[in-house]
Amino acid sequence: MIVLLLVSVVLVVGLGVFDIILGEITLSIAGRESQKSLYAADSGIECALYWDLKQRVFNLPAYSINCANSSINGNMFASTTTFTLKFQNNACAIVTVDKTKILMTPPLTTLTSRGYNIDCDSSSSKKVERAMRNSY
């Protein structure tokens with residue numbers, strides 16, 4: 001009887017520790033996927049900032065840029081454009097450059113980058129989105 005009680009206590013403690021470990025692993029995975037999304041969004045913002053501030057390509061009706069080892073050709077429609085960056089770790093970012101507030105003094109440019117941990121077109125329940133916005 002004492003052995004059965006002792007085995008039951010050890011089993012309950014073991015299951016409790018297993019449950020805690022499983023929860024920590026799940027939390028760690030969620031943090032890693034969130035970080036991938038955040039880094040993708042940051043890379044998208046940095047790409048757009050470089051090409052807008054240093055090269056001034058978004059002041060032209062058509063542009064050609066190179067980010068994340070991808071060549072992107074696009075057009076400014078009504079002072080706005082959107083492009084997608086795909087990264088080697090399967091993360092991606094959808095970047096929008098908005099220069100519609102040109103009549104303001106000083107002119108306002110808004111960059112919005114939405115980063116995803118998996119392919120932008122995916123409808124997976126594990127898809128995590130992080131966004132960044134930069135106005136200047």
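The CD atom of Q88 lies 6.0 Å from the CG atom of N69; values are rounded to the nearest 0.5 Å. If you take CD on E33 and NZ on K126, they are separated by 9.0 Å, rounding to the nearest 0.5 Å. Rounding to the nearest 0.5 angstrom, the gap separating the CG atom in D121 from the OG1 atom in T84 is 7.5 Å.
Salt-bridge formation is detected for the pair K86/D119: a Lys NZ or Arg NE/NH1/NH2 atom is positioned less than 4.0 Å from an Asp or Glu carboxylate oxygen.
Under the 4.5 Å side-chain contact rule for hydrophobic residues, V95 and V128 do not share a cluster. I72 and L53 fall within the same hydrophobic cluster, defined by Ile, Leu, Val, Met, Phe, Trp and Tyr side-chain heavy atoms under 4.5 Å apart, directly or through other members. Put simply, F87 and I118 are part of two different groups of oily side chains (I, L, V, M, F, W, Y) that touch within less than 4.5 Å, one to the next. No continuous path of ILVMFWY side-chain contacts below 4.5 Å connects I45 to L108, so the two sit in separate hydrophobic clusters.
Residues G44 and S113 approach most closely at CA-OG, 3.6 Å, considering heavy atoms. Across all non-hydrogen atoms, the minimal contact from C92 to A40 is O-CB, 3.4 Å. Taking every heavy atom of both residues into account, V97 and F83 meet most closely at CG2-CE2, 4.2 Å. The two atoms that bring D42 and M132 nearest to each other are CA-SD, 3.6 Å, heavy atoms only.
Considering D98, T81, T80, L111 in turn, T81 is the only one that fulfils the side chain to side chain contact (heavy atoms under 4.5 Å, CB included) rule with F58.
In terms of modelled atom types and a separation under 3.5 Å, the side chain of K127 and the main chain of C120 share a donor-acceptor contact. S43 contributes a side-chain N or O that, together with a main-chain N or O of Y39, makes up a donor-acceptor pair within less than 3.5 Å. Of the possible polar contacts, one joining the N89 side chain to the A91 backbone as a donor-acceptor pair under 3.5 Å is found. At distances below 3.5 Å, at least one donor-acceptor pair connects side-chain atoms of S37 with backbone N or O atoms of N117.
For the residue pair R133 / T110, no side-chain donor-acceptor distance below 3.5 Å is found, with atom types taken as modelled. If you check the side chains of E46 and Y50, you find no donor sitting under 3.5 Å from an acceptor.
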Distance-only criterion, 3.5 Å: show the donor-acceptor pairs between side-chain atoms of residues 14-29 and protein atoms not counting sequence neighbours.
{"unit_1": "T26", "atom_1": "OG1", "unit_2": "L22", "atom_2": "O", "d": "3.0"}

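Heavy atoms from other residues, nucleotides or ligands lying under 6.0 Å from CG of N75 number more than 12.
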(message) Between K36 and N90, is the side chain to side chain donor-acceptor pair (under 3.5 Å) condition met? List the steps.
(response) CA-CA 9 Å; K36 276 175 65 174; N90 293 328; over 6 Å; no
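Residues I94 and Y116 form a side-chain contact, since some pair of their non-hydrogen atoms from C-beta on lies under 4.5 Å apart. With contacts defined as side-chain heavy-atom distances shorter than 4.5 Å, the pair Q55/I65 does not qualify.
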